[in-house]
Student: 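Below you will find the structure I want to go over with you.
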Amino acid sequence: GAGVSQSPRYKVAKRGQDVALRCDPISGHVSLFWYQQALGQGPEFLTYFQNEAQLDKSGLPSDRFFAERPEGSVSTLKIQRTQQEDSAVYLCASSLVGGEQFFGPGTRLTVL
Amino acid sequence: KNEVEQSPQNLTAQEGEFITINCSYSVGISALHWLQQHPGGGIVSLFMLSSGKKKHGRLIATINIQEKHSSLHITASHPRDSAVYICAARNSDSGGGADGLTFGKGTHLIIQP
């Protein structure tokens, strides 16, 4: 595919469940970003990878959030023991280093 | 941390009007992005700029580095332009190398026929 893809598009989880969100970046894009967008708000930075290296995870809200990109391509954002305040759209974006970021459609997570 | 402010927060206009959305940021940046988000839809990058002005169709983006201010203009607005427009700043001091963006809260634009 030509763009960034994310799966699932929608996820409903019960409070306390673990979830895993997947991002497939544009082929050849070295940089990969995860953002969290709460309802009615602008996105907020979570974490950033350059190839397989996680260079910045300062935006992860708690140690329940974990991201990986083991082969420098696909990335997974994992949230353990989900809580209601984790409900948001999780956006993934990829780019060449320092280049324009291209966004995926997002995963809408609802925690009941 | 960079603070990114947008105005107006909401804007309703008639078809054909000239639209201006403003964005200001608090610290130096390496680039500023303008993004478009439709309800329930993903984010589309409109512009990335670090100086001057860029134009694409009916959209124009300008930036004034000294004043830490950028504007997005839409000429001959159309109902299909209705969306949320978000500006996002990439800091010039990226510390550990992160290019992560700091986003404004967005401007909700409605163009009425």
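All chains are named by letter (A, B, ...) in the order of the sequence lines, taking the proteins before the strands, and each is independently numbered beginning at 1. Below, each value reflects all heavy atoms present in this structure, side chains not excepted, and no hydrogens, waters or symmetry copies.
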Student: Give me the atom names and distance for the closest heavy-atom approach of B/Leu35 to A/Phe103.
Tutor: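 Where B/Leu35 meets A/Phe103 most closely, the heavy atoms are CD2-CE1, 4.0 Å.
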Student: Once you round to the nearest 0.5 Å, how far does OH of A/Tyr35 lie from CG of B/Leu101?
Tutor: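 That separation rounds to 3.5 Å.
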Student: Which region of A/Leu46, side chain (C-beta onward) or backbone (N, CA, C, O), has a non-hydrogen atom less than 4.5 Å from a non-hydrogen atom of chain B, or is it both or neither?
Tutor: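 For A/Leu46, no heavy atom lies under 4.5 Å from chain B.
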Student: Do A/Val89 and A/Ile79 belong together in a cluster built from hydrophobic side chains that touch within less than 4.5 Å?
Tutor: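 In one cluster: no.
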Student: Are more than 12 heavy atoms, taken from residues, nucleotides or ligands other than A/Glu85, located less than 6.0 Å from that residue's CD atom?
Tutor: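 Atom CD in A/Glu85 is packed in, count exceeds 12.
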Student: Identify the two heavy atoms, one from A/Gln101 and one from B/Ser45, that lie closest to each other, and give their separation to 0.1 Å.
Tutor: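 Residues A/Gln101 and B/Ser45, closest heavy atoms: O-CB, 3.7 Å.
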Student: May I ask you to test the A/Pro43-B/Ile86 pair for a side-chain heavy-atom distance under 4.5 Å?
Tutor: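 A/Pro43 reaches B/Ile86 side chain to side chain.
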Student: How about A/Arg15: does its CZ atom have over 12 heavy atoms from other parts shown lying under 6.0 Å from it?
Tutor: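 Check fails, neighbour count at 12 or below.
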Student: Is B/Ile63 reachable from B/Leu72 through a run of hydrophobic residues whose side-chain heavy atoms are each under 4.5 Å from the next?
Tutor: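 Yes, B/Leu72 connects to B/Ile63 through the hydrophobic network.
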Student: Report, as yes or no, whether the 6.0 Å neighbourhood of atom CD on A/Glu71 holds more than 12 heavy atoms from other residues, nucleotides or ligands.
Tutor: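 Not more than 12 within 6.0 Å, no.
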Student: In terms of heavy-atom proximity below 4.5 Å to chain A, should B/Gln6 be classed as side chain, backbone, both, or neither?
Tutor: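 Nothing of B/Gln6, per the 4.5 Å heavy-atom cut-off to chain A.
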Student: Where does A/Gln6 contact chain B at under 4.5 Å (heavy atoms): side chain, backbone, both or neither?
Tutor: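 Neither; nothing under 4.5 Å.
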Student: Can you confirm whether A/Gln17 is buried at CD, in the sense that more than 12 heavy atoms of other residues, nucleotides or ligands lie under 6.0 Å from that atom?
Tutor: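 Yes - once you tally the heavy atoms of other residues, nucleotides and ligands closer than 6.0 Å, there are more than 12.
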Student: Atom CE of B/Met48 and atom OG of A/Ser95: how far apart are they, to the nearest 0.5 Å?
Tutor: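 OG of A/Ser95 is found 8.5 Å from CE of B/Met48.
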Student: Would you indicate whether A/Leu112, at its atom CG, is surrounded by more than 12 heavy atoms from other residues, nucleotides or ligands within a distance under 6.0 Å?
Tutor: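 Yes, because the 6.0 Å sphere around CG of A/Leu112 holds more than 12 heavy atoms from other groups.
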Student: Is the gap between the ring centers of B/Phe103 and A/Phe45 under 6.0 Å?
Tutor: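 Here the rings of A/Phe45 and B/Phe103 have centres that are no less than 6.0 Å from each other.
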